[in-house]
Student: 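Structure incoming, see below.
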Amino acid sequence: MNGDEASEETILRAADLLAHGGLVAFPTETVYGLGADASNEAAVRRIFLAKGRPADHPVIVHLAGSAQLASWVLHVPEPARRLAEAFWPGPLTMVLERAEHVLDVVTGGQDTVGIRVPSHPVAQKMLRAFGGGVAGPSANRFGHVSPTTAAHVRAEFGDSLDMILEGGQSEVGIESTIVDLSRGHPVLLRPGIISVEQLETVLGEAVRRPDVHSPRASGTLASHYAPATPTRLVAPDALERTLAIPGVRVGVLARRPRGANLSAAVWVEAPDDAGRYAHQLYADLRYLDSTRCDLILVEQVPDSREWDAIRDRIGRAATPEGN
Ligand code: TXA
Ligand code: MG
């Protein structure tokens with residue numbers, strides 16, 4: 001389902017709320033975002049308060065189309081032009097040198113800004129009706145699992161937001177690929193469903209992994225996207241052994257059907273295709289988190305490149321050792 005349910009009246013109300021400094025949660029094809037007018041400092045501050053997010057973390061600015069890009073960045077380098085052409089609207093965020101007017105509260109005081117043009121029809125309508133940039137991190141409390149349905153957003157924030165736009169279950173299911181193009185050579189800041197290979201094919205050059213000079217990104221903290229229940233990654237051949245802990249209620253996100261000798265309290269069999277696994281991942285983690293298990297075990301996924309972004313997210317969902 002593409003979730004294109006919002007009526008014109010609803011969209012206009014969302015745009016009006018944004019224009020008056022409101023907080024509007026909105027669906028995107030990756031995860032739901034928590035939106036505010038990116039040009040209104042007080043409104044963007046409300047996002048940080050609602051999320052419980054440190055104030056120096058930058059937020060992405062969502063635009064309706066590439067045509068608006070030039071007014072948010074200092075200049076549009078050729079690689080950014082190419083990536084926009086190839087992947088926007090879609091699950092790609094580009095970090096570029098910011099235009100002078102872009103607020104410090106949006107950039108985290110850095111001289112760059114993250115920009116994304118989402119493809120979800122409801123996000124598109126909202127952005128077009130509003131006309132400006134919408135600052136929008138994922139609509140979850142800081143460090144928690146990102147929401148992929150409007151119900152997830154409600155579970156995170158209750159009635160404290162001005163509006164939650166309904167848009168069905170997010171198609172992609174994990175956050176956008178982030179590439180930094182602000183420093184002359186492309187650097188991957190966060191893997192996503194658009195792969196490094198796809199970026200390299202369009203760019204005609206290598207995309208580097210982050211180094212010490214890379215900008216801060218909260219989605220790159222070691223522990224992020226995490227359930228409240230202690231969560232561990234487990235190798236497929238260690239699953240049976242790990243499940244045998246006496247007196248512990250275990251929930252499993254597995255890559256196979258429940259075997260007769262596997263004594264978990266809750267068993268979720270994830271799709272075996274990477275795209276569908278990503279689509280379901282956060283809903284599965286939220287479900288497991290709701291079943292009041294003592295421990296969530298996530299069966300490790302394949303080592304291959306198509307699973308890169310998923311390996312990244314389940315690695316961050318896992319509770320750091322000694323915590
Ligand atoms: O798919 C997505 O990107 C979703 C949807 C709602 O668009 N948004 C999202 O936002 O995941 P958020 O704030 O949860 O994650 C964005 C990441 C953060 O880790 C932030 O630190 C990083 O992007 N980021 C934003 N602006 C940046 C900048 N100027 N330089 C470096 N990192 C930046
Ligand atoms: Mg987030």
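Numbering starts at 1 and runs along the sequence shown. For ligands, and for the atoms within them, numbers begin at 1 and follow the listed sequence.
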Student: Which option, Pro147, Gly136, Ser176, owns the non-hydrogen atom nearest atom 8 (N) of ligand 1?
Tutor: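 Checking each option, the heavy atom nearest atom 8 (N) of ligand 1 is found in Gly136.
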Student: So, are Glu197 and Arg305 salt-bridged, with charged N and O less than 4.0 Å apart?
Tutor: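 A salt bridge is present here (some side-chain N lies under 4.0 Å from a carboxylate O).
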Student: Verify the distance criterion only: is there a donor paired with an acceptor across the side chains of Ser176 and Thr93 at less than 3.5 Å?
Tutor: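 There is such a pair between these side chains.
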Student: Which ligand 1 atoms are under 4.0 Å away from a heavy-atom of His62?
Tutor: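 Answer, ordered by atom number: 5 (C), 6 (C), 7 (O).
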Student: For Arg190, state whether at least one heavy atom is located under 4.0 Å from any atom of ligand 1.
Tutor: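 In this structure, Arg190 qualifies as a contact of ligand 1 - some heavy atom is under 4.0 Å.
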Student: Answer yes if Leu49 and Leu23 sit in the same cluster of Ile, Leu, Val, Met, Phe, Trp and Tyr residues linked by side chain heavy atoms under 4.5 Å apart, and no otherwise.
Tutor: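 In one cluster with Leu49: Leu23, no.
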Student: Flag yes if Val113 and Leu83 sit in one hydrophobic cluster, no otherwise; membership is Ile, Leu, Val, Met, Phe, Trp, Tyr, and two members link when side-chain heavy atoms are under 4.5 Å apart.
Tutor: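 Cluster IDs for Val113 and Leu83 match.
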Student: Under a plain distance cut-off of 3.5 Å, with no hydrogens placed, do Arg116 and Thr30 share a side-chain donor-acceptor pair?
Tutor: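 Yes, side-chain donor-acceptor contact under 3.5 Å.
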Student: For Glu97 and ligand 1, answer yes if some heavy atom of the residue is under 4.0 Å from a ligand atom, otherwise no.
Tutor: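 Under 4.0 Å: no for Glu97.
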Student: Given the rule that I, L, V, M, F, W and Y join up when any side-chain heavy atoms are under 4.5 Å apart, are Met163 and Val134 in one cluster?
Tutor: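 Per the 4.5 Å side-chain linkage, Met163 and Val134 are co-clustered.
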Student: What atoms in ligand 1 come closer than 4.0 Å to a heavy atom of Thr30?
Tutor: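 By the 4.0 Å cutoff, the relevant atoms are 1 (O), 2 (C), 4 (C), 5 (C).
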Student: Which salt bridge (Lys or Arg N to Asp or Glu O under 4.0 Å) pairs, counting each pair once, include a residue from residues 126-136, with sequence neighbours left out?
Tutor: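 Not a single pair qualifies under salt bridge (Lys or Arg N to Asp or Glu O under 4.0 Å).
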Student: Find all atoms of ligand 1 within a distance of less than 4.0 Å from any non-hydrogen atom belonging to Gly33, and give their numbers and elements.
Tutor: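 Close to Gly33: 6 (C).
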Student: Pull out every atom of ligand 1 sitting under 4.0 Å from any heavy atom of Val113, numbered as shown with elements.
Tutor: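 Listed by number with element: 29 (N).
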Student: Run the contact test for Arg116 against ligand 1 with a 4.0 Å cut-off on heavy atoms, strictly below, and give the result.
Tutor: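 Per 4.0 Å heavy-atom rule, Arg116 contacts ligand 1.
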Student: Does Thr107 come within less than 4.0 Å of ligand 1, judged by its heavy atoms?
Tutor: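 Distance cut 4.0 Å: Thr107 fails for ligand 1.
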Student: Under 4.0 Å between a Lys/Arg side-chain N and an Asp/Glu carboxylate O for Arg81 and Glu78?
Tutor: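 Salt bridge between Arg81 and Glu78, a charged N being under 4.0 Å from a carboxylate O: yes.
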Student: Between the candidates Val59, Val31, Ile178, Leu92, which shows the shortest non-hydrogen contact distance to atom 17 (C) of ligand 1?
Tutor: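 Looking at heavy atoms only, the winner is Ile178.
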Student: Is any N, O or S atom of Ser138 under 2.8 Å away from the Mg ion (ligand 2)?
Tutor: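 Yes - counting backbone and side chain alike, Ser138 has an N, O or S atom under 2.8 Å.
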Student: I need the atoms of ligand 1 closer than 4.0 Å to a non-hydrogen atom of Thr112, numbered in the order shown.
Tutor: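 Result: 28 (C), 29 (N), 30 (N).
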Student: Before accepting this row, confirm whether a basic side-chain N of the pair Asp104/Arg98 lies closer than 4.0 Å to the acidic partner's carboxylate O.
Tutor: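 So Asp104 pairs with Arg98 through a salt bridge.
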Student: Does ligand 1 have a heavy atom under 4.0 Å from the side chain of Arg53, from its backbone, from both, or from neither?
Tutor: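 It is the side chain that gets close, since no backbone atom is under 4.0 Å.
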Student: Has ligand 1 got any nitrogen or oxygen that is less than 3.5 angstrom from a nitrogen or oxygen of Ser138?
Tutor: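 Min N/O separation from ligand 1 is below 3.5 Å for Ser138.
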